[in-house]
There are 2 protein chains.
Amino acid sequence: MRFTIKREEFLKGLSTASRAIASNIALAVLANLKIELDENGLFITGSNSDLTIKTLVPYKSDDVEVIRNYKEGGVLIQAKVLTEAVRKMESEEVTLDVIDSTIATLSDNRSNYRLNCIRVEEYPDIDLEANGTEVILSKSDFDALVSQTAFAASVKDQRPILTAIHLAAGDGLLAQPGMLVAVASDASRVAYKQIRVPEEVKFVANVPAKFMVEVNRLAEGCETLNVSFGDKKALFAVGRSIIATRLIAGDYPKVESVLKQATSYRLEINASELLKSIDRVTILSEERQNPVTMIINDDYVEITARSSKVGTATERIDVFKYEGENITRVFNSEFVAGALKALNAEDVTFDFPADERRAFIIRNVSDDSTIQVVSAMRSA
Amino acid sequence: MRFTIKREEFLKGLSTASRAIASNIALAVLANLKIELDENGLFITGSNSDLTIKTLVPYKSDDVEVIRNYKEGGVLIQAKVLTEAVRKMESEEVTLDVIDSTIATLSDNRSNYRLNCIRVEEYPDIDLEANGTEVILSKSDFDALVSQTAFAASVKDQRPILTAIHLAAGDGLLAQPGMLVAVASDASRVAYKQIRVPEEVKFVANVPAKFMVEVNRLAEGCETLNVSFGDKKALFAVGRSIIATRLIAGDYPKVESVLKQATSYRLEINASELLKSIDRVTILSEERQNPVTMIINDDYVEITARSSKVGTATERIDVFKYEGENITRVFNSEFVAGALKALNAEDVTFDFPADERRAFIIRNVSDDSTIQVVSAMRSA
């Protein structure tokens, strides 16, 4: 294999595929990128076995020649060194030439790298065929699904299912025909988002939240994503890249009860004012769980945090609507702040159950497609 | 004590003084800022006992009232919480009110902090009187002294004297009348810079390099620094702040011999081309010491790095001047790159001793006030 290629296009492909390569590499061969040139162009594949990204650099882009003077073939080359070298080179074009099965050269008129390489056959077989339920999502819908839920997923591996975003369309858990729902939870909070999809779309899939975030990032600048949900993997076709992620096995916890629980008191308040107040009092919240106390009555909403060492911070908000008794609720300020940021709303409602120990529900006043649930702590 | 103060001015003062407070606080009381209001204005002091910063917020700035409705006095308040609270508050003015010797309130029309505080008498005595040799340095001279040498100082504590920038004026080590020299070295390289000062200025001081960097940063936007070098401390008056740092005791190693050694071969080369080549080959330099080999002959300068696992990188530069035999030198690429960056030159000279094991000297072709010395490694 050999080719001369526009450096910027090569670098874009290498960087995209490299995003799949983890810092702790389980299988030594996966430290390499798979570089293959065939009649369609240059395919670059990176994988950490749970996440695989395969991207295409075509021979021509906008009628400009990108790859020339080529001979088809394939090779594996260490991802980090190859990407860094192409990033730091300065010419408009670079040439990759596989000398034999162990040495490839990368060069321009100034720099010359002789890189150890591996035969392309050594790369593990990775199935990138779509064989599940297919659906086309707009980038804006996909972005909403991810950015309004992923933050609430667990980052600990103790209960792997909670590191997923639960996606369901059609019937089944939380889903209705014509709706795709995304749910994430770390057992202390739940984030829920729904979007419209065609009625015939039906599937359930638990996709690792961190990979959903990665796909959303790779989709920047694209209009749509073609998604396929199979039994064991999800595939995302985004621009010139295909991204495959394994699914997390097991049943997702039943979160309907907490999403649909009965509530007694409703507060309506400006989201950014509340967020800034919570942010300020949290300076004094000394424990890991950032406990903050909210007192609501007819005259004000008061937020307080206390540190035995440092002191007390109190904020009052006078502009709000409230129906109900005077109540006090204690919560993890980080959870409420996360929910408020995800709702991205001007005004939000808080629906509180009468029992101070039960979780409460936060919604965007002008958009009911998103629901955030945050657990309450017992007040001191 | 109480005062109402323009929030931005208060924040600037708090942030400046807080820069002296280390993350690992040796003496508990030094986690606090000392806040004192007298007839001159508001003094804010922060210290980690090795470095102290005292800054003034005056009653008026550019004829605009900054502090009003005040009562003189002093108090100690936890630096981090106070600074964060003032940073996050939103009003134009905030009010600090010391209720008694244990509680102060910080408030605006929205937020209210009750902060534990400590009597001002509990703060350690810190001598900020100038009692040494005084000299006025321009910011640009000071910046050159620091930025062209500090990077070469040791960051390890095994030989504390090597963590200093050695400053000397008048006679003594390396110094001549009318010259102030700065030297830093980690025993593998030496950075040397000299600037002009009045003939009568004479002193020797070893100032911790990291504090010199901090002073240089705090002097951003100032025209001059008033510096005083005493026996045990250096004082820097910068704008409305005074910065005191302890000196490092002991004699600085004799570096004259390496600075003034005889050399046999001279290479003249474009600094940025060389720097970029070194940067690129270093991708393949696998060891901690980043060994890079430079071959110089009549036709080219060739730079090579080798990784047994990954491969070899080679760069050739054709435009250069060289007088001497064909030579090969091995060096730590990070050290040469650091020296080239510090020299900030278009073209540089390398002066090599005939012995390949001896350190070589790098200079800016058009500025002989800076000298960089880098040790050579034995070639394989």
Side-chain angles (χ1 to χ4, degrees), chain A residues 28 31-32 77-91 94 99 102-118 272-273 275-286 300 302-319, chain B residues 28 31-32 77-91 94 99 102-118 272-273 275-286 300 302-319:
Chain A
N32 296 282
I77 302 183
Q78 221 255 334
K80 216 160 130 189
V81 165
L82 178 60
T83 308
E84 271 314 286
V86 173
R87 189 191 313 283
K88 291 190 169 178
M89 290 166 87
E90 291 174 85
S91 308
V94 300
I99 307 297
T102 62
I103 292 287
T105 62
L106 171 74
S107 54
D108 60 12
N109 48 20
R110 164 87 172 263
S111 309
N112 186 24
Y113 293 87
R114 283 177 68 84
L115 301 172
N116 298 342
C117 60
I118 301 176
S272 83
E273 291 300 314
L275 188 57
K276 286 189 280 188
S277 286
I278 288 174
D279 188 38
R280 278 193 290 267
V281 301
T282 302
I283 299 172
L284 285 203
S285 180
E286 64 185 349
Y300 54 79
E302 186 181 274
I303 296 151
T304 304
R306 207 175 301 272
S307 150
S308 56
K309 278 187 200 152
V310 184
T312 308
T314 306
E315 295 265 332
R316 278 198 186 173
I317 298 176
D318 301 326
V319 181
Chain B
N32 295 282
I77 303 182
Q78 221 256 330
K80 215 159 132 189
V81 166
L82 179 60
T83 307
E84 271 314 286
V86 173
R87 188 190 314 283
K88 291 190 167 177
M89 290 166 88
E90 291 175 85
S91 308
V94 300
I99 307 296
T102 62
I103 292 286
T105 63
L106 171 73
S107 56
D108 60 12
N109 48 20
R110 164 88 173 262
S111 310
N112 186 23
Y113 293 87
R114 283 177 68 84
L115 301 172
N116 299 342
C117 60
I118 302 176
S272 83
E273 291 302 313
L275 188 57
K276 284 188 282 187
S277 287
I278 289 175
D279 188 38
R280 277 192 291 266
V281 301
T282 302
I283 298 172
L284 285 204
S285 179
E286 65 185 347
Y300 54 78
E302 187 181 273
I303 296 151
T304 305
R306 206 175 302 272
S307 151
S308 55
K309 279 187 199 152
V310 184
T312 308
T314 306
E315 296 265 333
R316 277 198 188 173
I317 299 176
D318 301 326
V319 181

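Convention: sequence-line order gives letters A, B, ...; per-chain numbering from 1. In what follows, every heavy atom counts, from backbone to side chain, and hydrogens, waters and symmetry copies are set aside.
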All heavy atoms of A:Ile278 vs all of A:Thr282, minimum pair found to be O-OG1, 2.5 Å
Flag the pair A:Leu115 / B:Val310 as yes when at least one side-chain heavy-atom distance between them is below 4.5 Å, and no otherwise.
yes
Atom group of B:Ser308 that falls short of 4.5 Å from chain A, counting heavy atoms
backbone
Select, from B:Gln78, B:Arg110, B:Glu84, the one with the greatest count of heavy-atom pairs under 4.5 Å involving chain A.
B:Arg110
Heavy-atom nearest pair, B:Cys117 first then B:Ala104, reads SG-N, 3.7 Å
Looking only at heavy atoms, which two atoms of B:Thr105 and B:Arg114 are closest? And how far apart?
CG2-CG, 4.1 Å
Side chain / backbone / both / neither for B:Leu284 at chain A, heavy atoms under 4.5 Å:
side chain
Under 4.5 Å from any heavy atom of chain A, what part of B:Ile77 do you find: side chain, backbone, both or neither?
neither
Between A:Lys88 and B:Ile283, the two heavy atoms sitting closest are CD-CD1, 3.9 Å
Can you tell me which portion of A:Thr304 sits under 4.5 Å from chain B's heavy atoms? Options are side chain, backbone, both or neither.
neither
Less than 4.5 Å to any heavy atom of chain A: does that hold for the side chain of B:Lys309, its backbone, both, or neither?
backbone
Hey, which of A:Asp318, A:Asp279, A:Asn116 has the most heavy atom pairs under 4.5 Å with chain B?
A:Asn116
Less than 4.5 Å to any heavy atom of chain A: does that hold for the side chain of B:Glu302, its backbone, both, or neither?
neither
Can you tell me how far OH of A:Tyr113 sits from CG of A:Asp108, rounded to the nearest 0.5 angstrom?
8.5 Å
Select, from A:Lys276, A:Arg316, A:Lys80, A:Met89, the one with the greatest count of heavy-atom pairs under 4.5 Å involving chain B.
A:Lys276
